[in-house]
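Some notes on the structure that comes next.
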Amino acid sequence: MTALGKTVQGLRCFASDVAQGFFEITHNGFALVGLATVCLVATLYARPDLRDQGEVRLRAWLQARQEAATGMPIQPDAIERATAADPHQLPKQQAAVAYWLSKKYRVAPEPVSALVAEAYEIGDKTKLDPTLILAVMAVESGFNPFAQSPVGAQGLMQVMTGVHKDKYENFGGKLAAFDPVTNLRVGVKVLQECIQRAGSIEDGLRFYVGAATSGEDGGYAEKVMAEHARLKLVAAGRSVPLPQPATPVIRTLAPADEPQVPSPAAGAAEDKVAAIS
């Protein structure tokens, strides 16, 4: 064998030995990785607390990276705080009411849809027409959940938080007056009591607005009943023209169960309120 042949043969042997060694090292490395993985899985299975800690740290790490990339906090559960519903998922009757109110009062259909659905649900429980509940809400606040009168009527249903603070106790306190659904539920409770006390819807509305003794409600009951009639037609599938939204009623009467003391600053302008304290 020539010197060149011996050299080539030697190189082949060397390459073969290197390849074999690399294969052995890789094989053993994969075996060690597999063994470590099995041990890790077994440990996590036997120690759920370690698994939970690992998941928490991994989520925190991923969230921190995402916040750094987007430049704002990441809160996937924020959707749970939103008062909104897809109007397409409502029954046809409720969806028609929600879209009509949305157009008339120039508010988004999604939050109105949530309020319509809640009004129908609570109306069924309290035996009050849901379109009456929505009519009161429309006249009182124009669907502004943060509305407040000069003397303390607050939220969608413009319930006097100070007078009815006991009704908010089950919802965490009086600040819940600005949660739309909570304000709706408390307002409906007050409205139901007013109607039961007065004996009719119209007189109950006068109680609600604080005009039980004077009988002068500034046309409040008439406005609510007119809106109620329109909403009933909408719910029945009738076409109802859309007038310009009326200015929400400003409470100017005092609670029926409280002494009517003139305000030095506002003169005779006092609060009208859901009347039962």
Side-chain angles (χ1 to χ4, degrees), residues 72-85 98 101-102 105-123 125-126 128 130 132-195 204-205 207-210 220 224 245 247-261 263 265-266 269-277:
M72 59 182 180
I74 308 300
Q75 294 183 323
D77 60 343
I79 187 65
E80 298 176 4
R81 300 197 299 267
T83 303
L101 289 171
S102 171
Y105 293 94
R106 300 175 184 177
V107 290
E110 290 81 6
V112 172
S113 295
L115 297 174
V116 168
E118 181 68 23
Y120 271 80
E121 182 178 347
I122 197 171
K125 295 177 181 178
T126 59
L128 290 179
L132 173 64
I133 297 170
L134 293 166
V136 170
M137 199 183 312
V139 173
E140 286 284 359
S141 66
F143 293 94
N144 176 7
F146 309 123
Q148 175 168 309
S149 76
V151 283
Q154 296 177 325
L156 288 172
M157 299 284 283
Q158 287 291 280
V159 177
M160 283 289 288
T161 304
V163 175
H164 300 284
K165 59 183 179 180
D166 60 309
K167 292 182 172 63
Y168 286 106
E169 290 179 357
N170 292 334
F171 299 98
K174 63 182 182 180
L175 289 180
F178 297 105
D179 169 54
V181 174
T182 298
N183 191 280
L184 170 57
R185 292 174 179 175
V186 172
V188 169
K189 178 62 176 175
V190 176
L191 178 62
Q192 181 188 34
E193 292 174 354
C194 288
I195 293 174
L205 290 170
F207 269 77
Y208 189 85
V209 80
Y220 173 82
V224 172
T247 302
V249 169
I250 302 299
R251 292 190 176 278
T252 58
L253 302 176
D257 291 344
E258 295 184 355
Q260 299 187 17
V261 180
S263 168
E270 297 185 1
D271 185 45
K272 72 179 180 62
V273 62
I276 301 177
S277 59

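Small disclaimer: the values here were computed from a predicted structure and weren't measured. Side-chain atoms are counted along with the backbone in the values below, which use heavy atoms only and exclude waters and symmetry mates. The chain is numbered in sequence order, starting from 1.
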Distance (rounded to the nearest 0.5 Å) between T126 OG1 and R185 CZ: 12.0 Å

What is the distance from atom CD of E118 to atom CG of L134, rounded to the nearest 0.5 Å? 10.5 Å

Check A108 against S102 and note the closest heavy-atom contact, atom names and distance. C-OG, 3.7 Å

Evaluate side-chain contact (heavy atoms from CB on, under 4.5 Å) for L101 paired with V107, printing each intermediate quantity in order. CA-CA 8 Å; L101 289 171; V107 290; 6.0 Å; no

Could you tell me whether the side chain of L184 reaches within less than 4.5 Å of the side chain of D179, counting heavy atoms only? no

In terms of heavy-atom contacts, L115 and P180 come closest through CD2-CB, 4.0 Å

Taking the side chain as everything from C-beta on, heavy atoms only, tell me whether P145 gets closer than 4.5 Å to N183. no

Distance check, rounded to the nearest 0.5 Å: T161 atom OG1 versus Y168 atom OH? 4.5 Å

Give the C-alpha distance, both sets of side-chain angles, the deciding distance and a yes or no for side-chain contact (heavy atoms from CB on, under 4.5 Å) between F171 and V186. CA-CA 10 Å; F171 299 98; V186 172; 3.9 Å; yes

Which heavy atom of G204 sits nearest a heavy atom of C194, and at what distance? O-CB, 3.4 Å

I need the minimum non-hydrogen distance between M160 and A153, along with the two atoms involved. SD-N, 3.3 Å

Any carboxylate oxygen within less than 4.0 angstrom of a Lys/Arg side-chain nitrogen, looking at E121 and K125? yes

Could you measure the distance from the NE2 atom of H164 to the NZ atom of K189? Nearest 0.5 Å is fine. 12.0 Å

Worked check of side-chain contact (heavy atoms from CB on, under 4.5 Å) between M137 and Y105: CA-CA 11 Å; M137 199 183 312; Y105 293 94; over 6 Å; no

Stepwise side-chain contact (heavy atoms from CB on, under 4.5 Å) check, M157 with Y208: CA-CA 10 Å; M157 299 284 283; Y208 189 85; 3.4 Å; yes

Taking C-beta and beyond as the side chain, do V224 and L132 meet within less than 4.5 Å on heavy atoms? yes

Specify the closest pair of heavy atoms between G155 and S141, including all atoms of both residues, with the distance to one decimal. O-CB, 3.7 Å

Output for pair (F178 CZ, L156 CG), nearest 0.5 Å, gives 10.5 Å

Answer yes or no: is there a side-chain heavy-atom contact under 4.5 Å between I195 and L128? yes

